[in-house]
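Working notes, structure below.
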2 protein chains.
Amino acid sequence: MPYTYEFARPALTVDCVVFAHDPGEGELRLLLVRRALPPFAGAWALPGGFVRVGESLDAAARRELVEEAGLDKVYLEQLYSFGEPHRDPREHVVTVAYYALVRLGAEEVHGATDASDAAWFALSDLPPLAFDHQRIVDVAERRLRAKVRYEPIGFELLPPTFTLSQLQRLYEVILGQELDKRNFRKKILASEVLADTGDVQKDVAHRAARLYRFDERAYRRLQKRGFHFEV
Amino acid sequence: MPYTYEFARPALTVDCVVFAHDPGEGELRLLLVRRALPPFAGAWALPGGFVRVGESLDAAARRELVEEAGLDKVYLEQLYSFGEPHRDPREHVVTVAYYALVRLGAEEVHGATDASDAAWFALSDLPPLAFDHQRIVDVAERRLRAKVRYEPIGFELLPPTFTLSQLQRLYEVILGQELDKRNFRKKILASEVLADTGDVQKDVAHRAARLYRFDERAYRRLQKRGFHFEV
DNA sequence: TCAAAAGTGTTACAGATACACCCATGT
DNA sequence: ACATGGGTGTATCTGTAACACTTTTGA
């Protein structure tokens, strides 16, 4: 009997904590799917599922996002692995958790995705979650809060071009604190990771704001010179 | 057939990147074990092994450290999970990597532990490693470097009481840069996470330095008040 | 003309950096 | 007495925080 079969093995899943930002809300949103099968049938849970043999963890997470939520090409990063023996009542299931950041199109914000039963919830008003998924969400939230301060990942939650006020509101939502407008603008523009598109907002009932985009090329250049982004 | 058996499952292991600090060296050391069995028989590898059903990931990591390296009660933290399908030539094996920080007793520094074939290597002069273990070591090193700046984990690598110079040298080794003695002392003492033991060094051929210990209680108090440690 | 958000500079303070000498101890 | 590391203070610089008004635009 080969060495690898000496012991029974735990099952292995991936689960994804999918964050989105609705500009109209003062809070992040989280994507949940309703479970069709036991255990926790009918309960809300993180999108996820079993890792297949021959499939990398990242690939499994991306596949589940497509299958269960219709989400493709999102920002995705591994979060932490959870392996308490009784986190799944059936048997020992270890899950590798990921978190994802997505840009909401207007049609996706309200109402479900094309998957059968998926919906967005305000982060502070989640329904009871299956398994230890609330715990995973908590860990993801802490990580996002910490990471957004020193890596430019916030842009993943915004449309490709955005105003400085939109960016500031996003940071205020994630960090849970108000920021000074002048200081925020000074700092973010001084960092030189934003490029002015030359365009301005359309169809707003007040002075139109300049539109910026995240300049990934500039960011990489700065990074190589030892610069580190910080809000 | 139950849902969980729908697909064949990858195997699941834990691997530990064990760092130690030898005061005499200008560099961290890493614990490796020699593999007895194929694949990579005879090669050096990270201590680790299969996760058993009913065992948490942390417990598996701690068990492997005891079994393979004779190390108990060390600082241990989950690092990252690696699951590329071909990282193990036999079959698909996913590993949850941990890193550990240990205090070296004089007798452990040179020569192996009580385990059959374990040894310490200078981090920059490792032998070729089995599997993707070099990659795991690289990730661990980056994490340690980053984390040591804003969490007081460096103390885990030092004896319970230590001098400020020992602490400074440790930081210099981890961060790979020289630090100014006066500024270092000012900053670390101002942070109030060190307690003066009242004792001094013994048996040194020069003025004996004060011995400090990390004051975990004080650190927790400060943490609650929103303070964050930084070097 | 009003409402709503865009845009803009200066001052004060705190923390970080740079820097060089005397002291205590054992050999 | 000398070699070795222990221990200390100040001046400058840099970045952060606090703070209020004018401008543009569409309704």
Side-chain angles (χ1 to χ4, degrees), chain A residues 22-26 148-150 158-159 161-173 175-213 222 225-231, chain B residues 22-26 148-150 158-159 161-173 175-213 222 225-231:
Chain A
D22 179 349
E25 296 270 324
V148 83
R149 287 185 169 277
Y150 61 90
L158 289 175
T161 71
F162 47 84
T163 69
L164 290 179
S165 293
Q166 286 169 348
L167 184 62
Q168 182 179 342
R169 268 192 292 275
L170 171 65
Y171 274 98
E172 288 173 339
V173 162
L175 299 176
Q177 65 182 262
E178 300 218 328
L179 301 172
D180 179 85
K181 184 161 67 160
R182 280 167 296 184
N183 292 339
F184 179 81
R185 284 162 179 254
K186 245 181 298 172
K187 197 162 174 181
I188 205 89
L189 290 176
S191 78
E192 300 190 313
V193 298
L194 292 193
D196 190 334
T197 63
D199 272 349
V200 295
Q201 275 183 318
K202 280 282 156 200
D203 301 317
V204 287
H206 53 78
R207 176 172 177 180
R210 295 167 112 83
L211 288 168
Y212 293 85
R213 62 179 175 77
L222 289 166
R225 297 186 198 157
F227 164 86
H228 76 279
F229 179 85
E230 200 178 334
V231 174
Chain B
D22 179 351
E25 296 269 324
V148 83
R149 286 185 169 277
Y150 61 89
L158 289 175
T161 72
F162 47 84
T163 69
L164 289 179
S165 292
Q166 286 169 347
L167 184 63
Q168 182 179 342
R169 270 192 290 276
L170 172 66
Y171 274 98
E172 288 174 338
V173 162
L175 298 175
Q177 65 182 265
E178 301 217 327
L179 302 172
D180 179 84
K181 184 161 65 160
R182 281 167 295 186
N183 293 338
F184 179 81
R185 288 156 109 92
K186 245 182 299 174
K187 196 161 174 180
I188 206 88
L189 289 176
S191 79
E192 301 190 311
V193 298
L194 293 193
D196 190 335
T197 62
D199 272 350
V200 295
Q201 274 183 318
K202 282 281 158 201
D203 303 316
V204 287
H206 53 77
R207 176 173 176 179
R210 297 167 110 83
L211 288 168
Y212 293 85
R213 62 180 175 76
L222 289 165
R225 297 188 197 157
F227 164 87
H228 76 279
F229 179 85
E230 199 177 336
V231 174

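Lettering of chains follows the sequences in order, A, B, ..., and the numbering in each one begins at 1.
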| said: Output one letter per nucleotide in nucleotides 20-27 of chain D: B when a protein non-hydrogen atom lies under 4.0 Å from the base, S when only the sugar-phosphate is that close, - when neither is. | reply: B--BBBS-
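- In terms of position on DNA chain C, the residue among B/Asp180 and A/Arg210 whose nearest nucleotide sits closer to the 5' end is A/Arg210.
- For the residue pair B/Gln201 and B/Val204, the shortest heavy atom distance occurs at OE1-CG2, 3.7 Å.
- Within the 4.5 Å cutoff, side-chain heavy atoms of A/Val148 are placed close to those of A/Leu175.
- Note that CD1 of A/Ile188 and CG of A/Asn183 are 12.5 Å apart. Values are rounded to the nearest 0.5 Å.
- Here the side chains of A/Ser165 and A/Arg185 are in contact, with some heavy-atom distance below 4.5 Å.
- The side-chain hydrogen bond (donor to acceptor under 3.5 Å, both in side chains) check on A/Arg210 picks up A/Asp196, with sequence neighbours excluded.
- Rounded to whole Å, the distance from CG on B/Asn183 to C1' on D/dT8 is 12 Å.
- Atom CZ of A/Phe184 and atom P of D/dT16 are 14 Å apart (whole Å).
- For DNA chain D, the residues of residues 163-170 of chain B within the heavy-atom distance limit of 4.0 Å (strictly under) are B/Ser165, sorted by number.
- Nearest heavy atoms, A/Leu158 versus A/Gln166: CD2-O, 4.4 Å.
- Between A/Glu230 and B/Lys186, the residue whose closest nucleotide on DNA chain D is further toward the 5' end is B/Lys186.
- Judged as a side-chain hydrogen bond (donor to acceptor under 3.5 Å, both in side chains), and not counting sequence neighbours, the contacts of A/Gln168 are A/Glu172.
- Formation of a donor-acceptor pair under 3.5 Å by the B/Thr197 side chain with backbone atoms of B/Leu211 is found in this model.
- Between B/Phe229 and B/Tyr150 the shortest side-chain heavy-atom distance does not fall below 4.5 Å.
- A 4.5 Å side-chain heavy-atom check between B/Glu25 and B/Val173 finds every atom pair outside the cut-off.
- Taking a 6.0 Å sphere around CD of A/Gln177, one finds it holds more than 12 heavy atoms contributed by other residues, nucleotides or ligands.
- A/Leu164 approaches A/Phe184 most closely through the heavy-atom pair O-CE2, 3.8 Å.
- Heavy-atom contacts of chain A under 4.0 Å fall on DNA chain C between two terminal nucleotides, which in 5' to 3' order are C/dA4 to C/dT10.
- Spacing between atom CG of A/Leu179 and atom P of D/dC19 amounts to 15 Å, rounded to whole angstrom units.
- Within residues 188-201 of chain B, no residue has a heavy atom under 4.0 Å from DNA chain D.
- Closest heavy-atom contact between A/Thr163 and A/Ala209: CG2-CB, 3.6 Å.
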